[in-house]
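Here the structure comes first, spelled out in structure tokens, and everything after it is commentary.
Counting from 1, the numbers follow the sequence of the chain as shown.
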Amino acid sequence: MSSTENTEPKVEETKATEIESKPLASSSVFSMFGGGAKKEKKDEGEDRGDVSGSAKAQREAAAAAKGDDEDQAPESEDVNFEPVHKLTEKVETVTHEESEEQVFNMRCKMFRFVQESREWKERGTGPLRLLKHKENGKTRLVMRRDKTLKVCANHYITPDMKIAPMSTSDRAWLWSVAADVSEGEPEAITVSVRLANAENAQLFKEAWLKAQKENEALFGKDEKEGEGEAPAAEEEKEEPAASS
């Protein structure tokens, strides 16, 4: 065997030994390509300074602390405001109806005949009442407008008055008044009223005639004694204020 053949195995063995004896590439080389030894994953809570272990736990703790603060907050004292002006006297409105009793009440619409233009103009809508005086027994007709309560008729039903049906409606009546004081001073006017239906119109006529009959004896007695009078002027009522 030649010397060359004897030396070849030794070369291979030497190379293998050298390869095995060389250390592996340092971790710095692998770190350049994103490799390298893996570091232990730190607790996310430590990076954020989260001592409770999670954000949810922190929120729950904060909510609980807030609830405790609200429970421990002192109650506020009741505040009482005294009115600047005190009402010491009760103001009473005089309507001149205190000594009368109501014998009839029905809602209707009233019109007044205007001589200059020869036409009917609306006077107002509201309750029409017959009021009987408790002492002298005389009955007068009083009507107020809705909401404003302004008087649109105020007169006695005297014996010389005549009630007649309107030719254009079966639920309307008209009559002439010698001294209506709804405007303050006695005034001669002709008025008409229109009611909801024919039945109400009939009831109104019956009440009107009954009051006239009762007044006839009383006015006749006054004429003999010379004590004729006009009805008392009605006090205007203001519209009641809304509740707060």
Side-chain angles (χ1 to χ4, degrees), residues 90-113 121-166 171-240:
K90 183 179 180 180
V91 180
E92 296 184 358
T93 303
V94 179
T95 63
H96 299 289
E97 298 177 7
E98 292 76 15
S99 58
E100 297 171 305
E101 61 177 348
Q102 178 179 285
V103 296
F104 182 83
N105 187 340
M106 186 170 288
R107 180 180 173 82
C108 66
K109 180 176 288 188
M110 177 172 283
F111 299 86
R112 176 180 177 177
F113 186 75
K121 288 191 175 182
E122 184 175 338
R123 184 82 165 168
T125 301
L128 185 151
R129 299 175 297 149
L130 299 181
L131 304 177
K132 187 174 183 179
H133 201 279
K134 296 177 181 178
E135 295 181 4
N136 59 32
K138 293 179 181 179
T139 303
R140 64 175 175 142
L141 184 149
V142 178
M143 180 174 172
R144 293 181 183 272
R145 296 179 178 91
D146 288 337
K147 297 182 180 180
T148 61
L149 302 179
K150 183 176 176 62
V151 181
C152 56
N154 180 19
H155 56 263
Y156 285 119
I157 302 178
T158 58
D160 59 319
M161 294 167 58
K162 293 183 179 181
I163 188 170
M166 292 284 292
R171 55 191 179 98
W173 301 96
L174 67 89
W175 64 91
S176 295
V177 185
D180 182 88
V181 294
S182 57
E183 299 292 338
E185 295 296 329
E187 182 182 12
I189 59 174
T190 299
V191 297
S192 67
V193 292
R194 187 173 63 199
L195 297 102
N197 50 56
E199 182 180 356
N200 286 356
Q202 186 61 32
L203 292 174
F204 168 74
K205 179 186 177 182
E206 293 174 0
W208 195 95
L209 292 174
K210 180 181 178 181
Q212 184 184 45
K213 185 176 181 180
E214 293 176 353
N215 284 345
E216 186 175 2
L218 297 172
F219 275 87
K221 182 180 178 180
D222 289 343
E223 287 179 0
K224 291 180 180 180
E225 297 177 357
E227 297 181 358
E229 61 176 350
E234 283 283 316
E235 188 77 14
E236 296 295 343
K237 295 181 180 179
E238 296 182 358
E239 183 179 358

Between [X] and [Y], what is the shortest heavy-atom contact and its length?
X    : Y    : value
N136 : K138 : OD1-N, 2.9 Å
T125 : K109 : OG1-CE, 3.3 Å
L130 : A211 : CD1-CB, 4.4 Å
L174 : S192 : CB-CB, 3.8 Å
C152 : R123 : O-NE, 2.8 Å

Rounded at 0.5 Å granularity, tell me how far [atom1] in [X] sits from [atom2] in [Y].
X    : Y    : atom1 : atom2 : value
N105 : L131 : CG    : CG    : 9.0 Å
R194 : E122 : CZ    : CD    : 8.0 Å
F204 : Q202 : CZ    : CD    : 11.5 Å

- R107: which of L128, L195, D146 passes side chain to side chain contact (heavy atoms under 4.5 Å, CB included):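 Only match with R107 under side chain to side chain contact (heavy atoms under 4.5 Å, CB included): D146.
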
- Item | side chain to side chain contact (heavy atoms under 4.5 Å, CB included) partner of K210, chosen from Q212, K213, E214 |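 The side chain to side chain contact (heavy atoms under 4.5 Å, CB included) with K210 is passed solely by E214 among Q212, K213, E214.
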
Quick one: does [X]'s side chain get under 4.5 Å of [Y]'s, heavy atoms only?
X    : Y    : value
W173 : P165 : yes
M143 : C108 : yes
I163 : L209 : yes

- Message: Distance alone, cut at 3.5 Å: any donor-acceptor contact between the side chains of N200 and R171?
- Response: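 Side-chain D/A pair, N200 to R171: absent.
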
- For H155 and E187, what are the C-alpha separation, side-chain angles and deciding distance, and is it a side-chain contact (heavy atoms from CB on, under 4.5 Å)? CA-CA 10 Å; H155 56 263; E187 182 182 12; over 6 Å; no

- Item | Presence of salt bridge, R112 and E183, under 4.0 angstrom |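 Salt bridge: no.
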
- Looking at R129, K134, K132, which one forms a salt bridge (charged side-chain N to carboxylate O under 4.0 Å, His left out) with E97?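 The passing option is R129.
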
- Give the ring-plane orientation class for Y156 versus F219, where under 30° counts as parallel, over 60° as perpendicular and anything between as tilted.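 Plane angle over 60°, so perpendicular.
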
- Item | Candidate pair L141 and W175, rule side-chain contact (heavy atoms from CB on, under 4.5 Å), full reasoning | CA-CA 12 Å; L141 184 149; W175 64 91; 3.8 Å; yes

- With no hydrogens and no angle check, is any side-chain donor or acceptor of D180 less than 3.5 Å from a backbone partner on A153?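 Side chain of D180 to backbone of A153, a donor-acceptor pair under 3.5 Å: no, none is there.
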
